[in-house]
Amino acid sequence: MKPNFRTCPQCSTRNRLDKEFCVKCGETLEGIKAGESGGSSAKRKPGFVVSDTDEGQSPIVPLVIVLLTLGVGFAAWRSIAAAPPTLPQAVARPLTTPAAQAPPLPTPPQAAGSREYAEGVAALQTGDFQNAIRLLRLAVAAANRPEYRITLAEALERSGAIPDSLVEYEAAFNLERGTPRYAAMWAKALNRAGRLTEAIRVYELALQLDGGDLNNLREVVSLHNRNNTQALARPFLERLVALQPDDLVPKQDLARALEAAGDLAGAAAQYQTILAAAPGADLSRALLSEVYVKQNRSSDALRILDEGLAANASAAILHREKGRILDRLGRDGEALAEYREYVRLAPGATDVRAFNTRIGQLSGS
């Protein structure tokens with residue numbers, strides 16, 4: 001089939017045979033045979049081809065189409081690039097945004113004297129009392145705080161400056177008079193210093209602030225016993241017994257306090273309560289026998305002592321008390337037997353020498 005076009009030698013555009021010039025670049029087609037492009041040796045240049053169906057079409061139209069295609073493709077690429085990446089469902093993980101870090105808080109200013117106090121405590125722990133006292137005095141000068149004064153008091157006490165330490169304990173309490181702990185610390189220091197009456201007074205002050213403190217109640221009772229003021233311990237013992245009804249020790253101390261105050265019936269009742277709960281409480285049994293003797297109830301005294309010895313014949317204290325009662329009653333032979341048994345069972349007792357003397361008197365040796 002014979003070609004029905006001529007190829008432009010300039011831009012390789014195919015033109016109809018009746019065209020004298022190339023519809024694209026305007027190059028002359030004179031001498032160009034059908035299907036040829038200016039000779040068989042001419043190389044075809046790239047360009048737009050105008051076929052029979054697009055005769056006369058402007059070369060700008062294909063260019064616009066190409067540009068539009070590129071624009072649509074670029075817009076689609078931008079849209080895809082802007083979208084967040086989608087992970088495959090098999091490996092998808094929830095994405096979390098790190099929490100925004102809060103700005104650092106400003107460092108609060110150091111409390112006045114805190115540096116000196118910390119250094120003083122460190123010196124105290126190493127036994128450097130003089131340096132500890134110096135630093136703690138600086139802390140107190142910077143801020144008159146009870147914990148500073150308490151620690152200074154401890155340093156002074158451990159260094160041997162007892163009077164100065166007591167001043168600081170008192171000062172700490174006066175700074176916070178509603179704090180029973182500071183009162184108790186002051187009272188303990190007074191007790192260590194041997195100032196029992198003052199220690200009792202301060203313990204009583206602490207108990208005014210907290211009447212249910214068992215430790216302070218026990219301490220004040222113990223100090224009254226040591227100070228031979230048992231009768232004054234009665235209100236504290238009654239409080240202890242109420243707080244600890246199953247503890248027999250406060251009951252025995254209460255009985256002795258009642259006896260010291262002249263309340264023999266009350267004392268006997270307390271001892272009887274103890275023996276009902278603990279029949280083997282030999283000391284309470286011996287003390288009850290003394291109360292009975294004071295009440296002129298010697299037969300009752302001997303009865304309860306014999307009850308105790310029937311259960312425990314080795315109870316030295318019961319032999320001693322029975323010998324005393326028999327001795328007062330003029331029953332010398334029986335008293336002598338009880339005294340000898342006491343000395344045999346308790347050879348290391350502090351009063352053994354006195355009883356050996358009495359044994360000698362009763363035996364005539």
Determine yes or no for a side-chain-to-main-chain donor-acceptor pair under 3.5 angstrom, with [X] supplying the side chain and [Y] the backbone.
{"X": "K251", "Y": "P245", "answer": "yes"}
{"X": "N174", "Y": "E170", "answer": "yes"}
{"X": "H224", "Y": "I200", "answer": "no"}
{"X": "S222", "Y": "E219", "answer": "no"}
{"X": "R285", "Y": "G280", "answer": "no"}

Name all residues meeting the side-chain hydrogen bond (donor to acceptor under 3.5 Å, both in side chains) criterion together with [X]; count only those two or more places apart in sequence or in a different chain, and write none if there are none.
{"X": "Q230", "answer": "none"}
{"X": "R226", "answer": "N191"}
{"X": "R256", "answer": "none"}

By salt bridge (charged side-chain N to carboxylate O under 4.0 Å, His left out) - contacts of E119 (at least two apart):
R115
Kindly write out the residues that satisfy side-chain contact (heavy atoms from CB on, under 4.5 Å) with V343, not counting sequence neighbours, or none if the list is empty.
V352, F355, N356, I359
Among V220, D253, N216, which residue satisfies the side chain to side chain contact (heavy atoms under 4.5 Å, CB included) criterion with F236?
V220
Under the criterion side chain to side chain donor-acceptor pair (under 3.5 Å), which of E341, E338, R344 is the partner of H319?
E338
Only distances under 3.5 Å count here; give the side-chain donor-acceptor pairs of residues 130-139 to other protein atoms, sequence neighbours excluded, each with its distance to 0.1 Å.
{"unit_1": "N131", "atom_1": "OD1", "unit_2": "R134", "atom_2": "NE", "d": "3.1"}
{"unit_1": "N131", "atom_1": "OD1", "unit_2": "R134", "atom_2": "NH2", "d": "2.6"}

Will you find, in the side chains of Y203 and D213, an N or O donor that is under 3.5 Å from an N or O acceptor?
no
Closest heavy-atom pair, A187 versus A199, reported as atoms and distance to 0.1 Å, is O-CB, 3.6 Å
Run the numbers on E168 and I150 for side chain to side chain contact (heavy atoms under 4.5 Å, CB included), then give the verdict.
CA-CA 7 Å; E168 295 301 329; I150 284 289; over 6 Å; no
